[in-house]
Amino acid sequence: MNVMKKSLTALALAGLLGMTACSADAAKGEAANTPATETATASSEPTESSSAPSKPKESSSASPSASETKSKDLQDELAAFGEEWTYEDGLTVKVSYLGGATASQYASGAEATGGQLRLFEVSITNNSEEIFDPAMFNASVNYGAEGTAGKRVFDTGSGLEGQFQGKILPGGTQTVKMGYAVPNDAPLDLLMTTSPSWDHEEKLFHGEAVKP
């Protein structure tokens, strides 16, 4: 009797273990067939923005080049023959190029060029409120690529007599013809530097002398 009870008990335990194993296998199979779901977790660290910070737009107008800047500076410093320089006090200086000429036998200063010279007309207009004395007016001429200095020519026979004469009243103008020993058998760059007085800065007049 005891043997039979033990056999029945053993069979019951075996059956119970088999059912437990089947349940465990079924649970594993169901878990395997179930699609995995991804859980989003908020990160404690800040994330970088996907859009990069925009760069400032470049100006559509390009900066002036060094050559353009230099050209602008030259335009501010040079006047062409026939143009005027006006000072802050209202005094105006104008230089015109008249062309080439040949010195007369009474001339002085054109020996180095064999009598060849270039003529200029210089006018001073006094638009200030005071009387102007042009006695200290000064001018010089340089020519060619090397900037050779041209000597002032005095020639009474050609009307090249010298400096301005007398004072200039407000609203008045004086004009003087000047000659400089500069070769006139070929085109040359000419540069005249003028200064009405010690109280006025120098001004430059420039041009190509093409007239013989």
Side-chain angles (χ1 to χ4, degrees), residues 64-104 106-128 132 134-165 168 171-212:
S65 64
S67 60
E68 290 174 341
T69 302
K70 183 177 180 181
S71 177
K72 179 63 168 58
D73 291 341
L74 287 176
Q75 291 176 5
D76 292 340
E77 295 178 2
L78 289 175
F81 291 128
E83 295 181 345
E84 297 178 341
W85 274 116
T86 300
Y87 292 88
E88 292 182 358
D89 61 0
L91 200 70
T92 298
V93 177
K94 179 180 178 180
V95 175
S96 300
Y97 173 63
L98 302 180
T102 301
S104 71
Y106 306 106
S108 172
E111 294 80 12
T113 57
Q116 294 184 2
L117 54 94
R118 302 277 183 166
L119 301 177
F120 303 85
E121 184 178 79
V122 181
S123 298
I124 297 178
T125 299
N126 183 12
N127 291 320
S128 71
F132 177 71
M136 301 308 298
F137 176 87
N138 184 57
S140 62
V141 168
N142 296 83
Y143 65 90
E146 298 180 357
T148 304
K151 189 176 180 180
R152 178 79 180 273
V153 176
F154 297 92
D155 187 358
T156 56
S158 300
L160 307 177
E161 298 180 353
Q163 296 290 89
F164 291 92
Q165 301 295 322
I168 306 175
T173 299
Q174 278 197 34
T175 300
V176 172
K177 186 167 69 172
M178 297 181 176
Y180 288 84
V182 177
N184 58 24
D185 54 355
L188 287 172
D189 281 335
L190 296 176
L191 177 67
M192 174 176 272
T193 304
T194 65
S195 176
S197 72
W198 289 343
D199 297 328
H200 295 81
E201 65 179 1
E202 293 181 339
K203 295 298 184 181
L204 307 178
F205 295 86
H206 175 263
E208 183 181 10
V210 296
K211 296 180 181 179

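Residues: numbered from 1 along the sequence shown.
Note: Tyr143 OH to Thr148 OG1 = 4.5 Å, rounded to the nearest 0.5 Å. Atom OG of Ser128 is separated from atom OH of Tyr87 by 13.0 Å, given to the nearest 0.5 angstrom. To the nearest 0.5 Å, atoms CD (Glu84) and NZ (Lys203) are separated by 13.0 Å. Rounding to the nearest 0.5 Å gives a distance of 6.0 Å between CD of Glu202 and OG1 of Thr193. Once rounded to the nearest 0.5 Å, the distance linking CE of Met192 with CZ of Phe205 reads 9.0 Å. Annotation: the span from Leu160 atom CG to Tyr180 atom OH amounts to 10.5 Å, rounded to 0.5 Å.
The salt bridge (charged side-chain N to carboxylate O under 4.0 Å, His left out) analysis of residues 139-157, with sequence neighbours excluded, yields no pairs.
The two residues Ala107 and Ala103 come nearest to each other via the heavy atoms CB-CB, 3.4 Å. In plain terms, the two heavy atoms of Thr113 and Val182 that are nearest each other are CG2-N, 4.1 Å. Residues Leu78 and His206 come closest through the heavy atom pair CD2-CB, 4.1 Å. In terms of heavy atoms, Pro183 sits closest to Gln116 at CA-OE1, 3.2 Å. Of all the heavy atoms in Pro134 and Ile124, the pair that sits closest is CB-CD1, 4.2 Å. Of all heavy-atom pairs between Asn184 and Arg118, the closest is CA-NH2, 3.2 Å.
Scanning for ring-ring contact (aromatic ring centres under 6.0 Å, His included) contacts around Phe81 gives Phe120, with sequence neighbours left out. Applying the side chain to side chain donor-acceptor pair (under 3.5 Å) criterion to Thr102, with sequence neighbours excluded, gives no partner residue. Looking at residues two or more places apart in sequence or on another chain, you find no ring-ring contact (aromatic ring centres under 6.0 Å, His included) involving Phe154. With sequence neighbours excluded, the residues that form a side chain to side chain donor-acceptor pair (under 3.5 Å) with Thr175 are Ser123.
In this structure, the side chains of Leu204 and Leu191 come closer than 4.5 Å at one or more pairs of heavy atoms.
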May I have the list of side-chain donor-acceptor pairs in residues 88-96 shorter than 3.5 Å, sequence neighbours left out?
from	atom 1	to	atom 2	distance (Å)
Asp89	OD1	Leu91	N	3.0
Asp89	OD2	His200	NE2	2.7
Thr92	OG1	Thr86	OG1	3.3

- Run the numbers on Val176 and Gln163 for side-chain contact (heavy atoms from CB on, under 4.5 Å), then give the verdict. CA-CA 7 Å; Val176 172; Gln163 296 290 89; over 6 Å; no
